[in-house]
Amino acid sequence: MERTIRPARRLMGTLTVPGDKSISHRALLLSAIARGSSEISGLAPGADLVSTANCLRALGVAITQAGGRVLVEGRGLKGLRAPAGTLDAGNSGTAMRLLAGLLAAQPFESRLSGDESLRQRPMERIIRPLAQMGAQIESRAGHPPLRISGGPLRGITYKLPVASAQLKSCLLLAGLYAQGHTQIIETQPTRDHTERMLRRLGVPLEISDNCLSLSGPLADDLPACDWPIPGDLSSAAFFIVAAALLPGSDLHLANIGVNPTRTGFLTALRHMGAQIELLREREPAGEPLADLRVQGVPALQAIKLAGSAIPALIDELPLLAVVATQAQGTTVIEDAAELRVKETDRLAAVAKNLRRMGAELEERPDGLIIPGPQPLRGARLSSFNDHRIAMAFAIAGLIATGETVISGAEWADISFPNFYRQLEALRDG
Ligand code: S3P
């Protein structure tokens, strides 16, 4: 599907964004292996969560929807059933990697696959430690499909070779079942939703500096729990940037997750001069929440993003690259090679689309160098079948001259089914 985006004068109004995708995946998975009925409110509505829910249904878990709530009938730690066919994780790396951690510990064989994009993504990072724990996993040279022969696992000490919350969470889930200590050492902090949720369920997870440690197997089932899901900051990010870049904008966002392992994007934008207020900060169910107010400003400054700052804004980097074209000075993004193995090669996709809009930039193996400010002109762009590229360039279209046409715009549905409608509703001129 093609979508035409016209320049906007400013954004005004109040917005509620979909539930956090990362927390939603975890709420479904943890509820599935808990004992009894868990209720999730505000589950992320995108296709990625449909994939996780369908995989869990194929493993025998009853999941039903009632209004804005999702009910999960947890089968207990040992209650999952062998699936009849291949489990389809669709476009979702989180679904595949976290499920693999659970499946590695089950006394049956399962096959996990996904769409064309997911079948290109690296799985060696989970295969190696899960194999050390005792699982047998066959893959297509480190890529899906995965054939997982699960069984009894043993705890290991493992230093994460990539800063990945998906990998960390995969090993924590396997660690619930493993005999002895599972110790995970992170060299850079990544999103800590799994840790917070396990602690909320009473799992004695020890956290000291950069080391997580867990003793298994758990003696008792996890309890059922209610999971209110905060609004997804990574979805809010598109609107925050649009409002920040269009002077005169005044945008309010309600109930946004502001977990500090996710707010690197807000820190970076504020550093660039954006006016963003966090209001009514609270922590109702183990995850920090706030309302946000964003006002447009006439000019932003360039920034350097590198090192341990990267994981806290990894999903927002395509959008920050769009911001960089409008900032005074040269923005440098380094240490972000992980972007090449997301739903698409996001460094290449951003560079191609920005160049089509007339911008000059340098693409490096692990980042981008973007001088600014540079005017963007409307162009024909591709989503590269990636939700975040589609949405980042819809925002670029708002600040460009002339019309921007995005092909494959419907990929936004992966995380934000109402994205374009919400954007139109908030546009004021
Ligand atoms: C996610 C972690 C990140 C992020 C992805 C969701 C998660 O991936 O890019 O969108 O839910 O754990 P990595 O952990 O692989 O960097």
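Quick note: numbers below take in every heavy atom, side chains included, and nothing from hydrogens, waters or symmetry partners. In each ligand, atom 1 is the first atom listed, and ligand 1 is the first ligand listed.
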Can you figure out which of Ala165, Ser24, Ser92, Ser234 has its heavy atom closest to atom 14 (O) of ligand 1?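 Residue with the shortest heavy-atom distance to the ligand atom: Ala165.
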Among Arg191, Glu338, Glu316, whose heavy atom sits nearest atom 2 (C) of ligand 1?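 Heavy atom nearest to atom 2 (C) of ligand 1 belongs to Arg191.
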Atoms of ligand 1 close to Ser22 [distance to a heavy atom under 4.0 angstrom, numbered from 1]: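 That gives atoms 1 (C), 6 (C), 7 (C), 11 (O) of ligand 1.
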Give me the ring orientation class for Phe239 and Phe419: parallel if the planes are under 30° apart, tilted from 30 to 60°, perpendicular past 60°.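 The arrangement is perpendicular - the two ring planes meet at more than 60°.
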Say whether [X] and ligand 1 are in contact under the criterion: heavy-atom distance to a ligand atom below 4.0 Å.
X      : result
His25  : no
Asp315 : yes
Arg26  : yes
Lys342 : yes

Asp291 with Arg282: basic N within carboxylate O range, under 4.0 Å: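 Yes.
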Identity and separation of the nearest protein heavy atom to atom 15 (O) of ligand 1: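 Closest protein heavy atom to atom 15 (O) of ligand 1: Ser164 OG, 3.1 Å.
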Among protein heavy atoms, which lies nearest atom 1 (C) of ligand 1, and at what distance?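 For atom 1 (C) of ligand 1, the nearest protein heavy atom is Gln166 NE2, 3.5 Å.
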Partners passing side chain to side chain donor-acceptor pair (under 3.5 Å) against Glu277 (at least two apart in sequence or in another chain):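 Testing Glu277 for side chain to side chain donor-acceptor pair (under 3.5 Å), a comparison that skips the adjacent residues, returns none.
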Residues that Glu195 engages under side chain to side chain donor-acceptor pair (under 3.5 Å), provided they are two or more places apart: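 For Glu195, the residues satisfying side chain to side chain donor-acceptor pair (under 3.5 Å) (neighbours in sequence not counted) are Lys168.
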Distance-only donor-acceptor check, side chains Glu186 and Thr190, under 3.5 Å: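 Yes, because at least one side-chain N or O of Glu186 sits under 3.5 Å from a partner of the opposite role on Thr190.
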For residues Ser407 and Arg380, is any side-chain donor paired with an opposing acceptor at under 3.5 Å?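 No, because no side-chain N or O of Ser407 sits under 3.5 Å from a partner of the opposite role on Arg380.
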For ligand 1, does His193 get within less than 4.0 Å through its side chain, its backbone, both, or neither, judged by non-hydrogen atoms?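 Looking at His193 and ligand 1, no heavy atom falls under 4.0 Å.
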Among Glu316, His193, Glu287, side chain to side chain donor-acceptor pair (under 3.5 Å) partner for Arg262: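 Option passing the side chain to side chain donor-acceptor pair (under 3.5 Å) with Arg262: His193.
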